[in-house]
Amino acid sequence: MRSAVTVSLVAEARGGPFVFWDDLPGACAKAREIGFDGVEIFPSAPDAVNPAELRRLLDEHKLGLAAVGTGAGWMKHKLLLTDANGEGRKRAREFVRGMIDFAGKFGAPAIIGSMQGKWGGDVTREKGLEHLAEAVGELGEYARRYGATLLFEPLNRYESNFVSTVEGGLELLKKSGSGNVRLLCDLFHMNIEERDIAEALRRAGKMVGHVHLADSNRRAAGGGHTDFGPIAQALREIGYEGFVSAEAMAGPGGAEEAARMTMEAFGKYFA
Ligand code: LER
Ligand code: MN
């Protein structure tokens, strides 16, 4: 397993669970200094980060690009893949395709998280799930041109009501019809929704494509009461070799402390 740390470049996501903020060169330098293998970035739009500049930073600090988040599609541009309005859904897919084009240059996967939206109002659960599965299927196939997968992230009940568990995620992936989508298993969401996190990871097996690492309270690993031993053991058992990426709230000690706590936990359990 490889370690990564999140960097948000989206002002509208302020208060969200990202370790580093705003300063991509600074975050890359710190990530390297602390010993991470990669960075996971949340750009505000597909063209917001210059790919040549990112390539230079990754090379300079010997980092991989773990994944690219599309959350700005919702948080900044108000785009949802389950919008009741067809034009809105179309623009949401275009946005994600743009993010796949960006991430694909680095062979990295894009993430569908908050762009899945919620059902309610003029979106029924059935219609919403149908639109979501269709979009995930199309976008998953689209990512193939880069030899990259697409990641779908089940979210806890307070953030979405479509897919909150591994079981629901596996159903959605099946419904999507694409064999190129994997689950992003976020240990914070799983701590709220799964009966047993390790068991759920075993159930997901080869469909685990990425892991978000946070403690029970969404602080950096070590800042809450999650028992990472059985979780890491389950990941080893399923042969998971991808990134374990810190997506957590910095505590009073700030981003650097959160990153260092994560690295300590990573070394102890996952390395
Ligand atoms: C949001 O809670 C989250 O976990 C992100 O990775 C998804 O956008
Ligand atoms: Mn997450």
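In each ligand, atom 1 is the first atom listed, and ligand 1 is the first ligand listed.
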Inspect the contact between Glu60 and Arg56 and indicate whether a charged nitrogen and a carboxylate oxygen are less than 4.0 angstrom apart.
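Salt bridge present between Arg56 and Glu60.
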Under 4.0 Å, counting heavy atoms only: does His189 come that close to any atom of ligand 1?
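His189: in contact with ligand 1 (<4.0 Å).
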Look at ligand 1 and say whether Gln116 reaches it with a heavy atom at a distance under 4.0 Å.
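For ligand 1, residue contact (heavy atoms, under 4.0 Å) with Gln116 is absent.
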Does any donor atom in the side chain of Thr165 or Glu193 lie under 3.5 Å from an acceptor atom in the other side chain?
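Checked: Thr165/Glu193 side chains show no N/O donor-acceptor pair below 3.5 Å.
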Take a 6.0 Å sphere around CZ of Arg91 and say whether it holds more than 12 heavy atoms from other residues, nucleotides or ligands.
no
For the pair [X] (side chain) and [Y] (backbone), establish whether a donor and an acceptor sit closer than 3.5 Å, ignoring hydrogens and angles.
X: Tyr240; Y: Phe243; answer: yes
X: Arg218; Y: Pro17; answer: no
X: Asp23; Y: Gly26; answer: yes
X: Arg89; Y: Asp83; answer: yes

Pull out every atom of ligand 1 sitting under 4.0 Å from any heavy atom of [X], numbered as shown with elements.
X: Arg218; value: 1 (C), 2 (O), 3 (C), 4 (O)
X: His212; value: 6 (O)
X: Asp186; value: 4 (O)

Members besides Tyr158 in its Ile/Leu/Val/Met/Phe/Trp/Tyr cluster (side-chain heavy atoms under 4.5 Å)
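Noted: Tyr158 shares its cluster with Phe188, Ile192.
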Checking side-chain contact (heavy atoms from CB on, under 4.5 Å) against Leu183, which of Leu201, Val208, Leu173 comes through?
Leu173
Where does the angle between the aromatic ring planes of His212 and His210 fall among parallel (under 30°), tilted (30 to 60°) and perpendicular (over 60°)?
perpendicular
For [atom], the protein heavy atom that lies nearest, with its residue and separation:
atom: atom 7 (C) of ligand 1; answer: Glu153 OE1, 2.9 Å
atom: atom 8 (O) of ligand 1; answer: Ser114 N, 3.6 Å
atom: atom 2 (O) of ligand 1; answer: Glu159 OE1, 2.5 Å

No waters, cut-off 2.8 Å: how many protein N, O or S atoms are close to the Mn ion (ligand 2)?
4
